[in-house]
Structure formats: structure tokens, C-alpha cells
Chemist: 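Here it is: the structure, laid out below.
Everything numeric in this text was worked out from a predicted model, so none of it was measured.
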Number of protein chains: 2
Amino acid sequence: MKRTKAERQRLLKEKIEETPFITDEQLANFFAVSIQTIRLDRMELSIPELRERIKYVATNQWNETVKALPLEEVIGEVIDLELDRRAISILDIHSDLVFSRNKIARGHHLFAQANSLAVAVINDELALTAKADIKFTRQVKEGERVVAKAFVEGNQKGLTIVNVKSYVGNEKVFSGIFHMYRSNEEKGEDNHEISN
Amino acid sequence: MKRTKAERQRLLKEKIEETPFITDEQLANFFAVSIQTIRLDRMELSIPELRERIKYVATNQWNETVKALPLEEVIGEVIDLELDRRAISILDIHSDLVFSRNKIARGHHLFAQANSLAVAVINDELALTAKADIKFTRQVKEGERVVAKAFVEGNQKGLTIVNVKSYVGNEKVFSGIFHMYRSNEEKGEDNHEISN
DNA sequence: ATTACTGTTAGTACCAAGTCATAAAATTGT
DNA sequence: ACAATTTTATGACTTGGTACTAACAGTAAT
């Protein structure tokens, strides 16, 4: 079955995404063309060589062709989510989350809630916090319910800015600007290179 | 400093566990021995070659068990504490602290470690984080040990400034300036610089 | 028909990061 | 001092490539 070049390249891309640990030789066999053809194809598609692909998977950057962050991994409960726009989660401060002495919620829980919400709102398989500027404006005590609201505010030199504000009732208790690294550019054209 | 063989091999093992993506050449440099010695060592310790190590890391992510993570009292272990001066804690990044998909430690754990250390170093019953300026400078992967070092840097309008830097090996992975609220004034006045 | 272009194949030289085997040199133990 | 251990050197071979050059077949254009 003679495939066209475009067709073969489409399939090649798929194949490599499926099983990244495949040598050019195996690919050549699979597509019944020469190794050189495979290499030309890879070059045209700017698909890196096997070792680079493996390294890529190993180091992360990867994080895969798969979906977004599973919502179970978000601290707190996501009650509203509009990818790349905004998200809301709630976290009930129960006894495990407070200092035993004064029943005040430990800061890192509020941070964790906000941070994981910032990760979740990013429409990308891999979102990591590069930088954050945060403020705890009021103590939160046991029994209170914290509502975190995240807003994506745009990009700044490759990082996505997410603003998260957390409230108990209508009192702000926490706010933070998160600078999020993401592996791919925002949706749309996915013609991006990998240059390192 | 002449190390014994056994000692070198012990360190070698550690080093490779820490940073698996290191070539024999780099290792030879690091330990100031020849490449061949490194290779003999690896053989004796049956440590596979670089590419195999990379592949191992890469494939491990593939067949992964996903699990949810509760944020417990997992803020690291304080190993050195000089109240109102400095403190050190270590946190081993085990499987519960990472994103299931890519084995990268979730940011809030690093934050939690640093933040709780900042709380601990304050000589007061009540210390709360008012503000924080933090930066994640390198991803931390499962199995790595994060050493957080906190330095009290003085006061600024009622808030105590604590500088926390976290390292894996000698690589900085996190840094943050914490502005801590405290109920009582500090007892002793002390300002010290940190040089890095 | 000649020319130009595309797509494919082939072959060479080279590289990184190893392996394996073998030998010589240096260090250490006694 | 001498043997044993440890380290270094050396060369040949392996994998999975890159980079480049050349050649050939088929199709299209003039």
C-alpha cells in the first residue's frame, strides 16, 4: 500500500507519540521505507531523535499528551472551572489544618489551595509554579470555609499570570499572583518547536 | 583529599541517585579520577549506564499508579534550630508529594516546608505568615531530599523577615522571603547578612 | 525532449556515551 | 621488598543517531 508522504508523516507523528521509545530502524520497518526517509521525515516534522525523546519523557517537560490535571489532585474542592479563564474551589478548615494551640489555619494550606487551583485553571498538561507573590490578609480559623477564586490574567514572557483571591464570607483572607510555567503555548496553533 | 575506594563508591551511588542524568565523564571530573575508574565502580555497584538510567526514569512514569494526596503534617524534619537566628529542615520527596504523572514535587510542599520552618524559627508562641515572596527555581523530583535553610534577617515595621532557601544537593530549588507576624517583640536585636 | 523538481534511497564521515578486554602503572598492605 | 589491589590507559566494537553528498525514479513544466 503506497502511502503518500503527507500521510506517512501524519502517521509517523502519531506513532512516535504513541510509542516514543522506537528507533528509526523500527520505524523504517514499520512504514516499509528506508531509514533515511524516516530521518528526513523527522527532520521536516522536527521530531527529535530517540535519546532526546527518552530524556524528554524522563525529565518531565513532558507530562504528556494526556489531559489536564486530575481534579482529585487539587487541594480543596473545585466547584467551578473554566479553563484558561477562571476557577473556584472551596476548602473547609477542619481540625487537621490548624495549629493546635490557637486553631488558626496553617498558611501553607491556604497556599496549597490557591496554588493547586492556579495549576488546575491552566489549560495545559503541565503547569508549574515559577514564582508567586502572596499575601495572607486575615487569619482563618477552624471551621471556616475558604473560597478561592482564580483568574487568568494573561501572559508575561512565557509565563501565565494567575491571580487568586481567597475569601471567608466576604473577607479576603489570602491573595496571590502566580506566575505559571506551562509546557505548551496557549491553545490554537500547536506548531511549536522544541529547542533545547 | 584522597578518598578510599569504598567511600568514593558510596558517594558515587548517592550522586547518581541524586542526579541520574550525569555522564561518566562528569562523574570522573567530580571525583577527580579517570573515567575508567568510574566505570569499574559502576560495574561493581551494578549501576547501569546513563542511557539506561534515563530510560528507567522515563519508563517508570509510564506505568504509574495514580493516587490522591492528603496534605498532612509533612513539612519536613527540623535538624537544626537556633531560635530567632536560623533553622534547617529536610524533606524527603516521597511518592505522595509528587504529581502522579511526572514525579515532580508539588509546589505547595516546598512552600509548606519553607513556611513551617519560618514559623518554627520565630521565638514566639504565635507566628503567622503575613506576606511571602517566593520563587521556585528548579523542579524537584521524587526521591530527592530538599534541605531548607531559614535565616532570620531582621524586622520591618513589626514583621520579622525570614529568608528561606531550599536546596537539593547544592542546587537551589526554592527561595522565599517570609514576612512573619509575631505577637511579642523579638527579645534580642540581631541582624546578619547572608552570603551565597 | 530537455529541464526542473520531488521523493526516496544509499553511503560516507563523524559523534556521544557507552561496552569489553587487556595491559601497564601507581598505590597500598604487610 | 614484593605481591596484591587499585587505578589508568588503550584499542576495538556498539547503538542510534547527525550531517552531508550523491544518485535515481517519476512527475510536471517549457
Side-chain angles (χ1 to χ4, degrees), chain A residues 1-62 64-65 183 191-196, chain B residues 1-63 103 141 143-144 169 171:
Chain A
M1 256 323 103
K2 199 83 193 230
R3 282 187 200 86
T4 151
K5 186 187 179 184
E7 174 72 357
R8 187 191 57 234
Q9 293 195 341
R10 200 180 56 72
L11 293 172
L12 181 72
K13 203 176 155 191
E14 267 179 31
K15 185 79 184 171
I16 291 179
E17 264 163 29
E18 254 170 49
T19 52
F21 299 5
I22 187 170
T23 63
D24 286 355
E25 200 178 357
Q26 293 173 296
L27 287 166
N29 259 323
F30 184 83
F31 289 105
V33 294
S34 71
I35 276 199
Q36 288 77 1
T37 300
I38 295 294
R39 288 178 179 162
L40 281 173
D41 284 350
R42 272 202 300 102
M43 229 162 273
E44 285 175 26
L45 300 170
S46 37
I47 295 172
E49 62 160 298
L50 173 65
R51 297 173 193 110
E52 292 309 311
R53 296 197 300 267
I54 293 178
K55 206 187 284 181
Y56 188 75
V57 171
T59 51
N60 111 61
Q61 340 263 349
W62 172 63
E64 219 6 51
T65 59
S183 57
N191 209 12
H192 67 121
E193 334 264 317
I194 295 153
S195 63
N196 60 349
Chain B
M1 255 325 100
K2 209 69 194 241
R3 282 187 200 87
T4 148
K5 185 185 178 184
E7 174 71 355
R8 188 192 55 234
Q9 293 195 340
R10 199 178 57 72
L11 292 172
L12 181 72
K13 205 176 153 190
E14 266 178 33
K15 185 80 184 169
I16 290 180
E17 265 163 27
E18 254 171 47
T19 52
F21 298 8
I22 187 170
T23 63
D24 286 355
E25 200 178 359
Q26 293 173 296
L27 287 166
N29 259 324
F30 185 82
F31 289 105
V33 295
S34 72
I35 283 195
Q36 288 76 4
T37 301
I38 295 295
R39 286 179 180 163
L40 279 174
D41 285 351
R42 275 202 299 101
M43 229 162 273
E44 284 174 26
L45 301 169
S46 39
I47 295 172
E49 62 162 297
L50 173 65
R51 296 167 189 121
E52 292 308 311
R53 295 196 302 268
I54 293 178
K55 206 186 287 184
Y56 181 77
V57 172
T59 51
N60 256 9
Q61 331 212 316
W62 206 245
N63 31 342
K103 301 297 187 198
K141 294 187 282 294
E144 292 188 312
E171 285 181 79

Chemist: Looking only at atom types and distance, does a side-chain atom of B/R53 sit under 3.5 Å from a main-chain N or O of B/I47, one as donor and one as acceptor?
Modeler: no
Chemist: By the 4.0 Å heavy-atom rule, please label A/I35 as base, sugar-phosphate, or nothing.
Modeler: nothing
Chemist: Measure CD1/A/I38 against P/C/dG7 and give the value in whole Å, please.
Modeler: 15 Å
Chemist: Mind calculating the distance between CG (B/L40) and C1' (C/dT22) to the nearest angstrom?
Modeler: 12 Å
Chemist: Look at A/R42 and D/dT18 and indicate whether a side-chain polar atom (N or O) is within less than 4.0 Å of OP1 or OP2.
Modeler: yes
Chemist: Taking the side chain of A/V33 as its heavy atoms from C-beta onward, which of D/dG17, C/dG18, C/dT9 lies nearest to it?
Modeler: C/dT9
Chemist: Taking atom C1' of C/dT6 as reference, at what distance in whole Å does atom CD of A/E44 sit?
Modeler: 10 Å
Chemist: Can you name the closest pair of heavy atoms from B/V33 and B/I38 and give their distance?
Modeler: CG2-CD1, 3.8 Å
Chemist: Specify the closest pair of heavy atoms between B/R42 and B/L12, including all atoms of both residues, with the distance to one decimal.
Modeler: N-CD2, 4.3 Å
Chemist: Please tell me if A/R8 has a side-chain N or O lying less than 4.0 Å from either OP1 or OP2 of C/dT8.
Modeler: yes
Chemist: Between C/dC20, D/dT18, C/dG7, spot the one nearest the side chain of A/E49, thanks.
Modeler: D/dT18
Chemist: Are the side chain of A/Q26 and the backbone N or O of A/T23 linked by a donor-acceptor pair below 3.5 Å?
Modeler: yes
Chemist: Establish whether the base of D/dG16 is bridged to the side chain of A/R51 by a donor-acceptor pair shorter than 3.5 Å.
Modeler: yes
Chemist: For the CD atom of A/Q9 and the CZ atom of A/F31, what is their distance to the nearest 0.5 Å?
Modeler: 10.0 Å
Chemist: Does A/T37 put a side-chain nitrogen or oxygen below 4.0 Å from OP1 or OP2 of C/dT9?
Modeler: yes
Chemist: In whole angstroms, how far is the P atom of D/dT15 from the CG atom of B/L50?
Modeler: 18 Å
Chemist: Could you tell me how far apart B/E25 (CD) and C/dC15 (P) are, to the nearest whole angstrom?
Modeler: 14 Å
Chemist: Rounded to whole angstrom units, what separation is found between the CD atom of B/E52 and the P atom of C/dA17?
Modeler: 15 Å
Chemist: Counting the atoms with a prime plus P, OP1 and OP2 as sugar-phosphate, which does B/Q36 contact under 4.0 Å by heavy atoms, base, sugar-phosphate, or nothing?
Modeler: base
Chemist: Tell me: CE of B/M43 to P of D/dT6, nearest whole Å?
Modeler: 16 Å
Chemist: For A/R39 and D/dG17, give me the distance from atom CZ to atom P, rounded to whole Å.
Modeler: 6 Å
